[in-house]
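First comes the structure, then the notes that go with it.
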Amino acid sequence: MNITVIGTGYVGLTTGVCMASKGHKVYCVDISKEKIDAINSGTSPIYEEGMDDLLKQALKKGLLKATLDAENSIKDSEVVFICVGTPSREDGSINLDYIKTAAETVSQNLNNYKVIVVKSTVVPGTTVNVVKPVMDKSKKSYGLCMNPEFLKEGTAVKDFLEGDRIVLGVIDDESEDVMRKVYKDFPQKIFVTNPTTAEMIKYANNSLLAAKISFANEVGNVCKKLGINVYEVMDGVGMDKRLCRSFLNAGIGFGGSCFPKDVKALISKGEELKEPMTLLKSVISVNEKQPIKMVELLKKHLNPANKKIGLLGLAFKKGTDDVREAPSLKIIDELLSLKAEVIAYDPEAMSNVKKIYNNKIILADNKEEVVKKSDAVLIITDWDEFKVPELYKNKIVIDGRKIKTNAEIYEGICW
Ligand code: UDX
């Protein structure tokens, strides 16, 4: 089928290359000429395992074209995916401006029947109450589906091609039929519902994963004071068939562009509907305090003022260069407020952190330099290259990621 994907971020580009890998003909539409040129030259603007290979194959087969030309791409497509950003506002609610702009563009180019697919993460009610009225203005017949993504950064391609399920929130049978054709060569089970339920599945899914992490961290904070290993506790808990072990790794807390944003958006939506949202507010509260525990533990061993404190890792998790809502940022701010000098290294995220802190922190060339030049080391991101016990000899180490070290003085955040 002919498909247009509007937005070439990690959801849009992943959608485009994966759809092309199944034989669909895909237009990847964006407003950034730089991104368009990079994609058409076979270089993905974002690092995702397997993305470049699929992109190159799609370009070679003439199944993918990146373009600024939304109008003609939409006109030549049977299905249009909206994969634009929905950034958080100050109050935690999401900004729908890009969704509305994309919907208007589609509505103005419905030269024949098409199914519009909202894949961006939008709060429950958005597809039916915001996108649908924009399409109705066209007075044309169209299909509408809310198809949430469950992509983890670093494994987005694998998650798209082999994820646990495909959720289709459709307005009618015709939309469902078309969407089943779109996904006919994907192995996942297809779950069909209405658009608002599909939106809530996404938010409930991410909020429960985030809640699991805050739960593990709250229990971990108690385990540390009891001198027991929260990882062993969660191994035992995870054997209960009603629960499951994943996303119960206690540590420095969750970051990234999704969990914090999605939980806050659901809280905001709930409060708009006059619900107190007590539990999810606590999930956020536990998570915001967790990184600061690293500094509290450090202060048990030295006064950070005028000392060089080393940070190993800046990205919100291994396998990505993304520092959005990363615990490292909260820790850097806290250390700078205590007049410490920060020296940091991350295999991928240095340029992103440099943009935020400029010369307020020292960026080291490698992990050895951080360890050598610092009075104490904080392990922030679970990169495999930090898992070298002898690296930490004779050092004070505060570990947020359960990494084995032979440090002289070692404190784990929850163990
Ligand atoms: C998440 C969801 O997993 C994905 O389904 C959704 O589509 C987007 O948001 P992502 O944010 O990319 O994906 O990363 P994820 O691997 O889920 O980790 C999120 C954060 O939780 C990271 O900071 C990670 O370090 C942390 N985490 C994860 C824990 O602290 N403990 C865990 O057990 C698992």
Side-chain angles (χ1 to χ4, degrees), residues 9-12 14-15 46-49 83 85-86 88 119-122 147-160 162-167 188 198-199 201-221 230-231 233-235 237-238 243-266 283-284 286-288 290-291 293-294 313-331 346 348-349 379-384 386 399-403 412-415:
Y10 102 100
V11 175
T14 306
T15 301
I46 49 169
Y47 174 74
E48 275 295 338
E49 182 82 31
C83 299
T86 52
S88 291
K119 198 173 241 319
S120 304
T121 299
V122 290
N147 171 219
E149 52 87 7
F150 300 97
L151 309 179
K152 295 188 294 299
E153 280 194 39
T155 56
V157 170
K158 184 173 180 299
D159 292 340
F160 196 102
E162 304 161 20
D164 295 335
R165 77 305 203 187
I166 290 162
V167 173
Q188 296 94 320
E199 289 159 339
I201 288 170
K202 168 69 181 174
Y203 277 92
N205 196 105
N206 266 10
S207 298
L208 186 52
L209 288 170
K212 284 187 80 174
I213 295 165
S214 283
F215 171 79
N217 286 339
E218 189 149 274
V219 168
N221 294 338
V230 62
Y231 276 61
V233 169
M234 295 305 169
D235 287 345
V237 166
L243 304 169
C244 103
R245 178 61 181 80
S246 62
F247 281 71
L248 286 174
N249 289 339
I252 202 165
F254 58 81
S257 64
C258 295
F259 281 173
K261 173 169 93 80
D262 292 353
V263 176
K264 287 175 186 169
L266 186 51
V283 167
I284 293 293
V286 167
N287 193 58
E288 283 176 352
Q290 200 65 8
K293 278 188 172 293
M294 295 286 282
L314 295 164
F316 81 95
K317 67 170 184 175
K318 71 176 179 180
T320 177
D321 65 354
D322 197 344
V323 293
R324 286 175 290 182
E325 301 285 331
S328 60
L329 306 185
K330 294 187 183 94
I331 292 167
D346 184 288
E348 297 285 346
I379 303 177
I380 308 294
T381 309
D382 46 341
W383 288 105
D384 293 341
F386 298 156
D399 177 16
R401 293 290 190 171
K402 205 90 174 52
I403 285 177
I413 187 168
C414 290
W415 47 83

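Counting starts at 1 for both ligands and their atoms, following the listed order.
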Mind checking the [atom1]-[atom2] spacing from [X] to [Y]? Nearest 0.5 Å is all I need.
{"X": "Lys202", "Y": "Ser120", "atom1": "NZ", "atom2": "OG", "answer": "10.5 Å"}
{"X": "Ile252", "Y": "Asp399", "atom1": "CD1", "atom2": "CG", "answer": "8.5 Å"}
{"X": "Trp383", "Y": "Glu348", "atom1": "CH2", "atom2": "CD", "answer": "4.5 Å"}

Answer with yes or no whether [X] contacts ligand 1, where contact means a heavy atom under 4.0 Å from a ligand atom.
{"X": "Gly256", "value": "no"}
{"X": "Arg401", "value": "yes"}
{"X": "Gly255", "value": "yes"}
{"X": "Lys202", "value": "yes"}

[X] side chain near [Y] side chain, heavy-atom distance below 4.5 Å:
{"X": "Val219", "Y": "Met234", "result": "yes"}
{"X": "Lys212", "Y": "Ser246", "result": "yes"}
{"X": "Phe150", "Y": "Asp164", "result": "no"}
{"X": "Cys258", "Y": "Glu153", "result": "no"}

Enumerate the atoms of ligand 1 whose separation from the nearest heavy atom of [X] is less than 4.0 angstrom.
{"X": "Leu248", "answer": "33 (O)"}
{"X": "Phe150", "answer": "5 (O), 7 (O)"}
{"X": "Asn206", "answer": "2 (C), 4 (C), 5 (O), 6 (C), 8 (C), 9 (O)"}

* **Side-chain ion pair, Lys317 and Asp382, N-O less than 4.0 Å** => no
* Between Leu151 and ligand 1, which residue portion shows a heavy-atom distance shorter than 4.0 Å: side chain, backbone, both, or neither? -> backbone
Protein heavy atom at shortest distance from [atom]:
{"atom": "atom 20 (C) of ligand 1", "value": "Phe254 CB, 3.6 Å"}
{"atom": "atom 15 (P) of ligand 1", "value": "Lys317 NZ, 3.7 Å"}
{"atom": "atom 29 (C) of ligand 1", "value": "Ile213 CD1, 3.7 Å"}
{"atom": "atom 9 (O) of ligand 1", "value": "Cys258 CB, 3.1 Å"}
{"atom": "atom 12 (O) of ligand 1", "value": "Glu153 N, 2.6 Å"}
{"atom": "atom 13 (O) of ligand 1", "value": "Lys152 CA, 3.6 Å"}

* Asked: Can you check whether Glu149 has an N/O within less than 3.5 Å of an N/O in ligand 1?
  -> yes
* Asked: What about Ser246: any of its N or O atoms under 3.5 Å from an N or O on ligand 1?
  -> no
* Structure fact -> Nearest heavy-atom contact between Pro291 and Lys330 is CG-CD, 3.9 Å
* What closest approach, in Å, do Asn249 and Asn217 show between heavy atoms, and which atom pair accounts for it? -> O-OD1, 4.4 Å
* **Heavy-atom donor-acceptor pair, Gln290 side chain to Gly251 backbone, under 3.5 Å** => yes
* **Among Phe247, Phe316, Phe259, closest by any non-hydrogen atom to atom 22 (C) of ligand 1** => Phe316
* Structure fact -> Checking heavy-atom distances from atom 33 (O) of ligand 1 to each of Asn249, Val11, Asp164, the winner is Asn249
